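As structure tokens, the structure follows; a few thoughts come after it.
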Amino acid sequence: MPYEHQGDLATEDEALYRIRHSLAHVLAQAVLSVREGSTLGFGPPIRDGFYYDFALSEPITDEDFPEIERRMRKILKSGQRFYREELARDEALSRLDEMREPYKREYAMELCEKNGLDSLTFYRNGPFVDMCEGPHVDTTKDIPRDAFKLRSVAGAYWRGDSDNQMLTRIYAWAFSTKDELDQHVKAFEEAQKRDHKKLGKELGIFTIDNDIGRGLPLWLPNGTVIRDELEKLAKELEFKAGYQRVATPQIAKQDLFFQTGHLPYYADDMYPPMELTEQTQDGEVTREAYMLRPMNCPHHHKIFAAQPRSYRDLPIRLAEYGHVYRFEESGAVSGLLRVRGMCMNDAHIYCSEDQIKSEFRAIMQLYDEAYRILGLESYFLRLSKSDPEDPKRKEKYVDNPEAWLRSEDILTELMDEMGVDYVEGIGEAAFYGPKIDVQFPTVTGRDESVSTIQLDFAIPERLKLFYIGSDGQEHIPYCIHRAPLSTHERMVAYLIEHFAGAFPTWLAPVQVQVLTVSEQFHEYGQQIVDRLRSRFVRAELAPESDTVSKKIRQGTVAKIPNLLIVGAREEEDNTVTLRRYGVREQVTMPLGKFEDSILQTINCRSLDFLAG
RNA sequence: GCUCACAUAGCUCAGUCGGUAGAGCGCUUCCUUGGUAAGGAAGAGGUCAUCGGUUCAAAUCCGAUUGUGAGCACCA
């Protein structure tokens, strides 16, 4: 059972919402009693509980949790009643002054000024008062004493802005019953076990070496097999969809990135330039700067520009598994999910405006096909737009309001025409245009953009790309950027967690392991391995010196999908005994039949073994 | 980048009050030739992340650095 991701707070049970919200007040009361003089930030209910932010007088660690929980239970037991109070603006502000709650006061001011409120509500339970909209339970006796648990302490910026002071956030789980809490904690612990960082190490998929550098994973043999299989899949799908493959270098002159506009917008996210000094014939020294590319598009644009293009050539679809480098901030780097060097299932489609929708539809079909094969279902689509209200919009987005409106309209229309569900992400656009992001949940409960389809109205113009239209005039093409299989890094991270490391046969690093009952059947085992390998099945023989039990254990721990056990019986009849990962029953079948089945399983990229 | 925590053998971890290092797995060798999730024995393997400080004495206390984790911010 995967760790469940729950929906919006709006869809949550109202009673549970009250419990979580009220518990946040109880937590605050308890924290203020162990850390006198601390002040309050926000303390809302969240997906699986609640949190509260504090500016603490003295630091808190999770060693303080038992004492805080004890005090919380005491408060629950004492049956404090929640009283609602509505104060006029000035009264409310002076109350917050008296309470010495500067953060609350700041927010109160904003509520009054920006939202035009002339009164604010407060809730009091016992000695604790908090400015808050409610709703709450009637008394703290309505809150179960054994259905919450403090989870972790972390830093969080006041109002989510890194220019502000960092507060201390305490996270807690909270449910209606102890059973639900226990279940949730257990699911959470189970989810930790499938973390790609843990399984990636155990299964020999990747490693990160400090001498190579942070965020620069090394792909081990097992991981490289998975990459190669994904790449093969992508290349087949793209071939069928009319893409052409190209290959381009991973660096380019700095000036190119000024031309594309990456540099003003994107400098902080790029590795700094490599300055070259060269000796010319007449002894002069010239300087050139090269940069590692953060995206493949400029290179592909230059391929588009390499020859004259006619409207008859469009759409042109250039595909490459391209390596890019992005200087992610140290705190963002994590396992394979956020890296500084990555290899992307990239392609750029150059088309006219009236081809945008049909190209997007074809891309969505390609996504569907890829996800169907991989068995991925738990994703949602996000239509990522610019944020015209953002004060920093000029630094974040290409300044062309008309083009933004137009391209965002095209995508919105398209999504509505296709009748797919999506959420809107205001301020999530690329600097050069809106996009549709495919969001997947990680085991730790966060959503990550795995794949993306982007509509770029800006860079082709900057690079003066054009095609000759039917009118004989030059026209600027639109460019669609898309990466259905994401980067290898992020896709493999996600797949490890999705399959809990037990990959379907077609993706598995070792597809078949042959276990002999004793060394005297070594020759038969080796024959099987040789025969399978000659058909490109990734088969291997288990180490000889172990017992059968041990070999089965090792093969199972390695999550190998197909174990073949062979001894006297099998050798005699030219059969194999198949033990599938996660399946108790074994089947003995003729070697030839196994061979046919496994080849079919692999060729269809089946998620299961096709027995015949 | 920010807040907090953590860093001991290839891996997972123990190490009390400061007195110079332990287990299991894995690895190597030997014995065992075994039919369904760990057969037995022996051995090798550590500059306790790095640098500095306190101390007669530091894995242990203090500081800095590097790295990792959770969260925040960021995320083309």
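Chain A is the first sequence line, chain B the second, and so forth, proteins listed ahead of strands; every chain is numbered from 1. A quick note: this is a predicted structure, and the numbers were derived from the prediction, not measured. The figures here come from the full heavy-atom set of this structure, side chains too, leaving out hydrogens, waters and symmetry mates.
Taking only distance into account, the side chain of A:Gln192 never meets the base of B:G69 through a donor-acceptor pair shorter than 3.5 Å. Between the base of B:G1 and the side chain of A:Tyr157 there is a donor-acceptor pair shorter than 3.5 Å. One N or O donor and one acceptor, one from the side chain of A:Arg338 and one from the base of B:C75, sit under 3.5 Å apart.
Here A:Lys201 reaches the OP1 or OP2 of B:U12: one of its side-chain N or O atoms lies under 4.0 Å away. Put simply, A:Gln554 has no side-chain N or O that comes within less than 4.0 Å of OP1 or OP2 on B:C25.
Comparing B:G35, B:A38, B:G69 by their nearest atom to the side chain of A:Ser549 picks out B:A38. The nucleotide whose nearest atom lies closest to any side-chain atom of A:Arg214 is, among B:G67, B:C74, B:U36, B:G67. Distances from the side chain of A:Arg579 to the nucleotides B:G26, B:G71, B:A37 place B:A37 closest. Nearest nucleotide to the A:Tyr171 side chain, out of B:G35, B:G71, B:C74: B:G71.
Look at CG on A:Asp546: it is 12 Å from P on B:G40, rounded to the nearest Å.
The same atom, P, is picked in B:A44 and in B:U28; the two are 16 Å apart, to the nearest Å.
Where A:Lys396 and A:Glu570 each meet RNA chain B at their nearest nucleotide, the meeting point lying more 5' is that of A:Glu570. Residues A:Met166 and A:Ser162 each lie close to RNA chain B; by heavy-atom proximity, the contact nearer the 5' end of the strand is made by A:Met166.
If you look at A:Trp173 and A:Phe50, their ring centroids are not closer than 6.0 Å.
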Show me the dot-bracket string of RNA chain B, counting Watson-Crick or G-U pairs under 3.5 Å, with | for pairs to another strand and [ ] for crossing ones. (((((((..((((.....[..)))).(((((.......))))).....(((((..]....))))))))))))....

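Side chain to side chain, A:Ser449 and A:Gln439 meet the donor-acceptor criterion of an N or O pair below 3.5 Å.
Using a 4.0 Å cutoff on non-hydrogen atoms, the parts of residues 514-521 of chain A near RNA chain B are A:Val517, A:Ser518, A:Glu519, ordered by number.
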